[in-house]
There are 2 protein chains.
Amino acid sequence: MSDRLANLRALMAEDGVDLVVLAPGAHLAWALDVRPHADERPLLAAITAGHAAFLMPVLEAESARTQTDLPFHVWADDEGPEAALARLLRETGAEGARSLVLDETMRADHAALVQDALPGAARSFTQSTVGRLRMRKDAAEYAALKDNARIADVALEAAWAAMRPGMTEREVAGIVGESFAAAGARPLFRIIGTGANGAYPHHQTGETRLATGDAVVMDIGAGKVGFSSDITRMAVIGSPPEGYGEIHDIVERAVTAALAAARPGARAHEIDDAARGVIAAAGYGEYFLHRTGHGMGVEVHEPPWITAASQTVLEEGMVFSIEPGIYLPGRFGLRLEDIVILRADGPEILSGLSREVRVIDA
Amino acid sequence: MSDRLANLRALMAEDGVDLVVLAPGAHLAWALDVRPHADERPLLAAITAGHAAFLMPVLEAESARTQTDLPFHVWADDEGPEAALARLLRETGAEGARSLVLDETMRADHAALVQDALPGAARSFTQSTVGRLRMRKDAAEYAALKDNARIADVALEAAWAAMRPGMTEREVAGIVGESFAAAGARPLFRIIGTGANGAYPHHQTGETRLATGDAVVMDIGAGKVGFSSDITRMAVIGSPPEGYGEIHDIVERAVTAALAAARPGARAHEIDDAARGVIAAAGYGEYFLHRTGHGMGVEVHEPPWITAASQTVLEEGMVFSIEPGIYLPGRFGLRLEDIVILRADGPEILSGLSREVRVIDA
């Protein structure tokens, strides 16, 4: 944790940043290992070259004190946060800050509170500071991510063993959830999209029943020890829908091309270019609705973004998803997703599961 | 829904607001009945006098289309949201907006995107527009809140029937959760704070075991059909801790005084003054760590805020909590919370449960 703060301050010095303000959420958990209750009351951490302190609602103070020894500038509902924030800025030497980095996930009214208190400060978000540092994972983070990936593999296997025609998407999600829970992981999302529902990338798992001839998108993730899993595999009930085999082959080739493009020193868009190129060349470019991937760590979605526009230079230790898909409205959707960590010689896939379609007995 | 939009536009005209921008969350659910997936991609609704439209990430468009017929200005990860936002502002007549209302819960980077596109617009948040309208509940909203309150009463009764010394806080929360689930309600929070843990108002329910002589704070809520419950009751295991009876009596008198102060035409701070006055007069003012209450509706916490500073004039149909408490570090905490709807002749309590302490056999 103190390493992280030292690394952050080094980057702040490099970028000329006087003050970083973080809100409850992933950045704060990463930088200071504090996970406070978040609500409409401003609760913020301020980090300068020489100080770090919290703006703290009084009713969170006792509980937050068990997580950190940093100074608190406490405020009560009756008085509001302005005076406590002014004290905090004075005592951390941030009063005259010219360059302010705000947590981009902060509520707009909390951001306005900070900006109104520092009218002379230029505002940016965390991309070049906390965000940049969070992209590279250390050995402990890798171990936690690998453990999460294993748990998700087991959950998919459990679902495949139980699935049968007539079961609802929600029932499949229930089996996944039980498997996660048995492993001590908290389910974060369980997209089970059967038949035409799979053509919505973020389909809301519901009461649709699995039917013979359906393709089923299964995109699941859960969290354990502050990290998480995220994997997508395909199943078909009995036999695949018409045209499935061709589409699966295209998406698999897109994954393979993306893996080959993922090398330290390459730019993130080269991965997206590779996957998108395969799908476009096959004539399905307009049905690949999203970016090729996203980073993963404290959050399920975090930088580096694997998009056509991303100029991020890939580095060893970065962890991200590769998840091209083709979505055919009214027919089916197909996505294959693996999480990888970038090594000197290329990507290492965290999951142990093949990306082949799993055929369920019907 | 169309009534809500018409009422909102009447208030916008009254306040000289040209544009209201809402993010995924409670305001958007209330105003347009749209509950899209929210992530780092800007997804916003813009409402002007004559138009309403969405800034929509392409991969959410299909799914969001099932919830609304309003125009979408779609953007893809590759191009970013700026051009689509410019089109949206042009086509909704908001290009020259001078007065902009932003959803205060919006991410700071999404708010910055809108503000950067409208550098000439004065920014405020939703207090006088969407927030004001959301405070008064209609008959259908009352019915949903009353149903949720009944479900929470049943969950407390289920927990009391099962509680015994040696059980962990988490096990008690599990029983509450099962009761909620059986009623079709999704648990939102289950604070079970036994013994000294109860002295943290937002204690994180954990592995502490109920022990004879413990007082147990039980603050639970769940959501069904877009509304929720929120209630706090006290239990003691066998016999109460030393001094419990006096503190319970003080908090009960604070609730009664607050109920008596809750009248249409009064200001919200008068309720807080009444409760705080009783507790302060008894010598425990410094141990009442929070406001007396909060509004409840689409969100568990929403205006009106029942604080010492709130000048909000109370109106018939407002729904809020009355929940004074006294927190004695290292000993126990005690909070009693009821949700009320304000009627012409005073508050109607939604719960059917007495506020007396429930004694659990030990």
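Just so you know, these numbers come straight off a predicted model, no measurement behind them. Letters A, B, ... are given to chains in the order of the sequence lines, protein chains preceding strands, and every chain is numbered from 1. These numbers come from the heavy atoms of this one structure, side chains and all, not from hydrogens, waters or symmetry mates.
Residue contact with chain B, scored on non-hydrogen atoms closer than 4.5 Å, involves the side chain of Pro329(A) exclusively. Using a 4.5 Å cut-off between heavy atoms, Arg35(B) touches chain A through its backbone atoms (N, CA, C, O) alone. For Thr66(A), the part lying near chain B is the side chain, with the backbone staying farther off; criterion is any non-hydrogen pair under 4.5 Å. For a residue to count as touching a neighbouring chain, one of its non-hydrogen atoms must lie under 4.5 Å from one of that chain's; by this rule Glu60(A) touches chain B with the side chain only. Contacts of Gln115(B) with chain A are absent, with no heavy-atom separation under 4.5 Å from either backbone or side chain.
The environment of Arg65(B) atom CZ is dense: over 12 non-hydrogen atoms of other residues, nucleotides or ligands sit within 6.0 angstrom. Summarising the local packing, CZ of Phe189(B) is surrounded by more than 12 heavy atoms from other residues, nucleotides or ligands at distances under 6.0 Å. The number of heavy atoms from other shown groups lying within 6.0 Å of CD (Glu79(B)) is above 12.
To the nearest 0.5 Å, atoms CG (Leu113(A)) and CD (Glu104(B)) are separated by 13.5 Å. Atoms CZ and NE2, from Arg41(A) and His290(B) in turn, are 8.5 Å apart once rounded to the nearest 0.5 Å. Distance check: Asp77(B) CG to His294(A) NE2 gives 11.0 Å after rounding to the nearest 0.5 Å. One distance of note links CZ of Arg123(A) with CG of Asp109(B); it measures 9.0 Å at 0.5 Å rounding. Taking OH from Tyr200(A) and NE2 from His37(B), the interatomic distance works out to 16.0 Å, rounded to the nearest 0.5 Å.
Between chain B and the residues Leu102(A), Asp103(A), Leu59(A), Leu289(A), the most heavy-atom pairs under 4.5 angstrom are made by Leu59(A). Chain B forms the most heavy-atom pairs under 4.5 Å with one residue out of Gln204(A), Met106(A), Arg291(A), His301(A), and that residue is Arg291(A). For the set Ala76(B), Ala112(B), Ala111(B), the count of heavy-atom pairs under 4.5 angstrom toward chain A peaks at Ala112(B). When the candidates Gly80(A), Ala308(A), Ala199(A) are compared by the number of heavy-atom contacts under 4.5 Å with chain B, Ala308(A) comes out ahead. Comparing Val58(B), Thr307(B), Thr105(B), Asp272(B) by how many heavy-atom pairs each has under 4.5 Å with chain A, the most go to Thr105(B).
Side chains of Glu40(B) and Trp305(A) form a contact here, defined as non-hydrogen atoms less than 4.5 Å apart.
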